[in-house]
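Heavy-atom basis, side chains included; hydrogens, waters and symmetry copies ignored. Chain A is the first sequence line, chain B the second, and so forth, proteins listed ahead of strands; every chain is numbered from 1. Everything quoted here is computed from the prediction, not taken from an experiment.
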Amino acid sequence: MPELCGISLAHRVINASGTYDAIAARQVFGDAVLEEFPFAAFVSKTITPEPRVGNAPRRIWETPAGMLNSIGLPNKGLAGFLEQDLPRLAELPVPLIVSVMATSRPEFAKLVEAVGARDEVAGIELNVSCPNVHSGLIVGEQPAETEALLETLRPLTAKPLIVKLTPNVADPAAVAVGAERGGADAVSLINTLKASAFDPATGTPALAAGHGGLSGPAVRPVAVQQLRAVTAAAGLPAIGMGGIASGVDAAEFLAAGATLVAVGTESFRDPKAGSRVAAELDLARPKEATAHSALDLE
Amino acid sequence: MPELCGISLAHRVINASGTYDAIAARQVFGDAVLEEFPFAAFVSKTITPEPRVGNAPRRIWETPAGMLNSIGLPNKGLAGFLEQDLPRLAELPVPLIVSVMATSRPEFAKLVEAVGARDEVAGIELNVSCPNVHSGLIVGEQPAETEALLETLRPLTAKPLIVKLTPNVADPAAVAVGAERGGADAVSLINTLKASAFDPATGTPALAAGHGGLSGPAVRPVAVQQLRAVTAAAGLPAIGMGGIASGVDAAEFLAAGATLVAVGTESFRDPKAGSRVAAELDLARPKEATAHSALDLE
Amino acid sequence: MDPAPLPRSEAAGPAPFGRRPCEVSENRASGGYRVFSLLDREGPEPAPGQFYMLATERHWSERGERPFLPRAISVAETGPAAAGVRLDFLVEGVGPGTDRLCELATGDRVWVTGPLGNAFSEPRQVRPGAAGAILVGGGIGVAPLALLRRRFGERNVPVRVLLGFRDQTHSGGLDDLFGCCEVRLASEDGHAGHRGYVTDLLAAMLAGDDAGSAVVYSCGPPAMLEAVRSLCAGREVACQLALESPMACGFGACFGCAVPKPDGGYMRLCIDGPVVRGDQVAEVPHA
Amino acid sequence: MDPAPLPRSEAAGPAPFGRRPCEVSENRASGGYRVFSLLDREGPEPAPGQFYMLATERHWSERGERPFLPRAISVAETGPAAAGVRLDFLVEGVGPGTDRLCELATGDRVWVTGPLGNAFSEPRQVRPGAAGAILVGGGIGVAPLALLRRRFGERNVPVRVLLGFRDQTHSGGLDDLFGCCEVRLASEDGHAGHRGYVTDLLAAMLAGDDAGSAVVYSCGPPAMLEAVRSLCAGREVACQLALESPMACGFGACFGCAVPKPDGGYMRLCIDGPVVRGDQVAEVPHA
Ligand SMILES: Cc1cc2nc3c(=O)[nH]c(=O)nc-3n(C[C@H](O)[C@H](O)[C@H](O)COP(=O)(O)OP(=O)(O)OC[C@H]3O[C@@H](n4cnc5c(N)ncnc54)[C@H](O)[C@@H]3O)c2cc1C
Ligand SMILES: Cc1cc2nc3c(=O)[nH]c(=O)nc-3n(C[C@H](O)[C@H](O)[C@H](O)COP(=O)(O)OP(=O)(O)OC[C@H]3O[C@@H](n4cnc5c(N)ncnc54)[C@H](O)[C@@H]3O)c2cc1C
Ligand SMILES: Cc1cc2nc3c(=O)[nH]c(=O)nc-3n(C[C@H](O)[C@H](O)[C@H](O)COP(=O)(O)O)c2cc1C
Ligand SMILES: Cc1cc2nc3c(=O)[nH]c(=O)nc-3n(C[C@H](O)[C@H](O)[C@H](O)COP(=O)(O)O)c2cc1C
Ligand code: FES
Ligand code: FES
């Protein structure tokens, strides 16, 4: 049975933060969502200390084998999340990981303390990499800043801390090493690539925010490379994501060193993509085994 | 009539370095290549001081809406290029830009002096961004290093110096500003994104070199965003590239601030993609105009 | 506080979880649009106003680029079929996704998620003692009104239908979906009915007799919906509008379909809509 | 110094510059493979060994992902057609690109670039006084040998043909492309001819009579080609091998098709091949 930092999981496929609203899904698809929950753990959409309405539309734009988004982290804020969403998310049949982001160390600390105090929460993901919020926070771009943030947060909770890395740097492995030194339990990558498009009908930026983040199969080769570099440099378990749409894709991330994989954009095309990828991965197991032993010998 | 740093051009579409071998194309397609040359200027494959055989195969791998390459800059070296290739490239009906790369400032200087001395050459592109060569040279990642390199090279030639930026940094605009300060005449972007893939049949890296560079439509939104950032920060003309496959795509790059665009990977799918894109762009002209005036007003 | 969204139709119940392949049983031209039918073996009967996310099982990504995401399409008609439910869709080819749907052949399979979103409510649910319904459709927006009209007819709700089209190539659904009922037409080029906007017809109607106590149901291009909304607001006539916005998922997962609310925030149109009351939105979005 | 590559066939001349759409006139099963025909209105007649870069005009990118690049396919037969040249291709569906080509329907259009690459030469060009040709094909690699055999026949070059297949599903082209000539078969499962490898047949043949002064022409899977190469090298028999390597462009632009040369460097197989002399390569690449 796979596990991540002591959290045991039914399979290796979880969701990417911000790409699945389990509460909305239940409203639309009913309790089948609980009975056939597609993911081995559920990662919440990123929450911030205060509520946010998110960016003005237009927020999404289709691109070759992918999409841009500039959602801008709409969320109910810490208090609203704990009060309204957490009880409903606790009904999910899988461990819950809460994604948090803030623009200063004290604010981050507040989030980690409050979320970490709740029994319903199995782990915390630190989003230091959202390209759609002008946070002024460059912690995710700098190894030393990342290390310092983790040093602040580490004593505040016994729960696993997962650092979501930004792909928009020259050397993500150095940031992962910083996270490890600071006491992180795992890393997750990649967040979206900074990107934009122009609407051919108007010749102006397609997204109201001007730019956004690129996700989907288009970014998969970038994700695989960053994952290889990160797992080669840091000893932490890694959650690999970026364009995973099938079991074959997931096996590629496991071969590149991931402990778990996450499905994001593909869930938009297939609401049960998580279970499908897990089942396909199961079929691909023999190859996965080969891949792992090949890596071990390197 | 469009122009770049005083080089006047029949249209706005040139080739991306390393994606068109005009000499080989003539061997295959005959003199029709001269009569219907697809590009308004020709950029050579990158040359280095000494000959290189390039990386071991496998060198290419198809990905969603794109491809990976780890070609590794095979070339005849400076002497071989000047002797064997330059006379043939001089027969092309368009201005010639020679792409050069080296692993030290003196070697770069040698290339720029030798190439700059040749009348057949209209401009020089400095490739400080190839992801497939272990050059030890991080000049393209650091604004100050880029500036220093340009300060060395600027006095050596009166010809336009174009700096090919790497996209694998957090802030390409800062590097462009460094290039401008050092005396560059233009920048070109993007080079390929660092990326890799695993062969599902073996579970091992698909490219013999382990990783390579991602190009094609998949990277287009990343290229457009970097181009916007670079042209907003630096006053230099920019040659935009990365996944351009049609006139609509090219118009997007012009709207994002490019002076010229370059076609790379699409030429593999369509050997006359350059002319097609130029013709399609011509039809898209009215929109292009709108885009420009919209930008002017911002 | 948010105005409460319209409820998901009770008739529809939850959508089957996940996407399912459905076979195309027919695809025919209808004016400048296409009407195609899918055989849905699993799904519940949809309610008027609801939509599905559709993508062809094969060749969805023509030319190596787009479409990549599924497309939101309203159900235009439905009925029992040999082994399930027949779903009719009215589509206009305006880009790679709708073009691909327009060229579906019988036997092709389409990935279907839905029925999604909420539905129009009956006039008396909107306003006790409402005199009846006025349906105002423009262009491809006539689609969800076809099923709505039939349901109202079955429940003896008095219905008047006003439809507008730009010109002959931008029209469709008339014979197929509205063939059996009385419809007042407007067209910008005058090829059918009143030369001008369908909102001219609505304005005239609202000025008359008991129309002020009817409920207006509308779907169409943003400019038309905005005109309907302000006409109704000016005359204090209740209205329900079926809106569009860019949708990646259709089930509340992506937050891409944000539509500004009057109080500042945004609603997710896929779960809080696509049908909204006129006073629920700050403005009709430009898709 | 490089051993000089074989010249592009004089007959073929330069390929038309650019890609052109060609219509599919037929597509039929041939054993476990498919044979499809294109009508090329512009192209010159190709020479045996040459190939084309092919991509369907529509739906090349199935499932939003691959194929993205065109695929290299050898011409298997050719002949005059009503308005141009008929090109026949033998394909095995081994992935998204060849699968898509296998399912071509009559009337579909295919983007064609070519003819590309060099061609096999006649025995006497290879070796003065050569006794004739031995053609050794394996699996899908029989394709270019079909046209080669016919050309040799027309020029009265004595030809012996040895073909090998893994099993019935991995075989094809026999009736369609080699129907009219004498062929010795091998199959690994024994379903036709000698049970075993086609190289067993070659070894036996090279051991006999005048075969040592023939020239061997071969195309097939890497392991087979490597066996042919070493058999010929051991007996000092000249051989020409049609190789494969990953190709993005087919016209020397991408440098992706590198094949190691004995002296250390690489050749670009698309312009320096695909046909090479046995002594031109360090080893037969694994595509
Ligand atoms: C709830 C709902 C119900 C709907 N019902 C129907 C219906 O019944 N029938 C029907 O025909 N339509 C319906 N639509 C509209 C339909 O979903 C859109 O027309 C469709 O998504 C367009 O996709 P496309 O690929 O055909 O065109 P696109 O090219 O995606 O979009 C058309 C226009 O949008 C712009 N655009 C958007 N994204 C891009 C992009 N990434 N790149 C370039 N341009 C872009 C362009 O200006 C383009 O002209 C409905 C929409 C919603 C939300
Ligand atoms: C000169 C030449 C002539 C040829 N002639 C013929 C011919 O006449 N008939 C014929 O049938 N074939 C021919 N081929 C081979 C044909 O070009 C390949 O089989 C074809 O390119 C495979 O493409 P695909 O998409 O079908 O399969 P792919 O999936 O691209 O390739 C098949 C195998 O390659 C690996 N692979 C390669 N790239 C990838 C990738 N990006 N992702 C995953 N796996 C990958 C996998 O292991 C896979 O099983 C020729 C090749 C050359 C170079
Ligand atoms: C619409 C959308 C919203 C997202 N929101 C978040 C978020 O709130 N927090 C976060 O850490 N990542 C967010 N992401 C990034 C994803 O978690 C993931 O890192 C990225 O999309 C790459 O995976 P994919 O290609 O499988 O989608 C979002 C991505 C998308 C497409
Ligand atoms: C096969 C291949 C070889 C390349 N070789 C070079 C090179 O020699 N020098 C260089 O500066 N860029 C090289 N590039 C990068 C391209 O010039 C271009 O920056 C990149 O491919 C993005 O454009 P595209 O998406 O249109 O291909 C190469 C790209 C490819 C695909
Ligand atoms: S379409 Fe994804 S949340 Fe509404
Ligand atoms: S296939 Fe591109 S150089 Fe040979």
Tell me which of these, A:Pro51, A:Ser275, A:Ala32, A:Gly30, has more heavy-atom pairs under 4.5 Å with chain C than the rest. A:Ala32
What residue in A:Gly216, A:Gly66, A:Ser267 has the most heavy-atom pairs under 4.5 Å with chain C? A:Gly66
Residues in salt bridge (Lys or Arg N to Asp or Glu O under 4.0 Å) with [X], at least two apart?
X: C:Glu226; result: C:Arg229
X: C:Glu283; result: none
X: C:Arg109; result: C:Glu57

Looking at side-chain heavy atoms only, is the closest gap between [X] and [Y] below 4.5 Å?
X: C:Arg20; Y: A:Lys272; answer: no
X: A:Glu35; Y: C:Phe17; answer: no
X: A:Asp21; Y: C:Arg268; answer: yes
X: A:Pro57; Y: C:Tyr266; answer: yes

Identify the heavy atoms of C:Thr113 and A:Pro271 that sit nearest to each other, and give their distance. CG2-CG, 3.9 Å
Counting N and O atoms only, with roles assigned by atom type, does the side chain of [X] sit under 3.5 Å from a partner on the main chain of [Y], one being a donor and the other an acceptor?
X: C:Arg66; Y: A:Thr63; answer: no
X: A:Arg59; Y: C:Phe255; answer: yes
X: A:Glu62; Y: C:Leu69; answer: yes

At a heavy-atom separation under 4.5 Å, does A:Arg276 approach chain C through its side chain, its backbone, both, or neither? side chain
Chain C contact via A:Ala56 - side chain, backbone, both or neither, heavy atoms under 4.5 Å: both
Within this structure, what is the [atom1]-[atom2] distance for the pair [X] and [Y], rounded to the nearest 0.5 Å?
X: A:Ile60; Y: C:Cys254; atom1: CD1; atom2: SG; answer: 4.5 Å
X: C:Arg19; Y: A:Arg269; atom1: CZ; atom2: CZ; answer: 7.0 Å
X: A:Arg58; Y: C:Ser245; atom1: CZ; atom2: OG; answer: 9.0 Å
X: C:Met247; Y: A:Phe268; atom1: CE; atom2: CZ; answer: 13.5 Å

So does C:Arg41 have more than 12 non-hydrogen atoms from other groups sitting under 6.0 Å from CZ? no
C:Ala55 versus chain A, heavy atoms under 4.5 Å apart: side chain, backbone, both or neither? neither
Is it the side chain or the backbone of C:Arg71 that comes within 4.5 Å of chain A heavy atoms, both, or neither? side chain
Can you tell me which of C:Gly252, C:Gly250, C:Cys270 forms the most heavy-atom pairs within a distance under 4.5 Å of chain A? C:Gly252
Looking at C:Gly264, C:Gly265, C:Cys249, which makes the most heavy-atom pairs under 4.5 Å with chain A? C:Cys249
Please confirm whether C:Phe251 and A:Tyr20 have ring centers closer than 6.0 angstrom. yes
Chain C contacts: which residues in residues 78-92 of chain A have a non-hydrogen atom closer than 4.5 Å to it? none
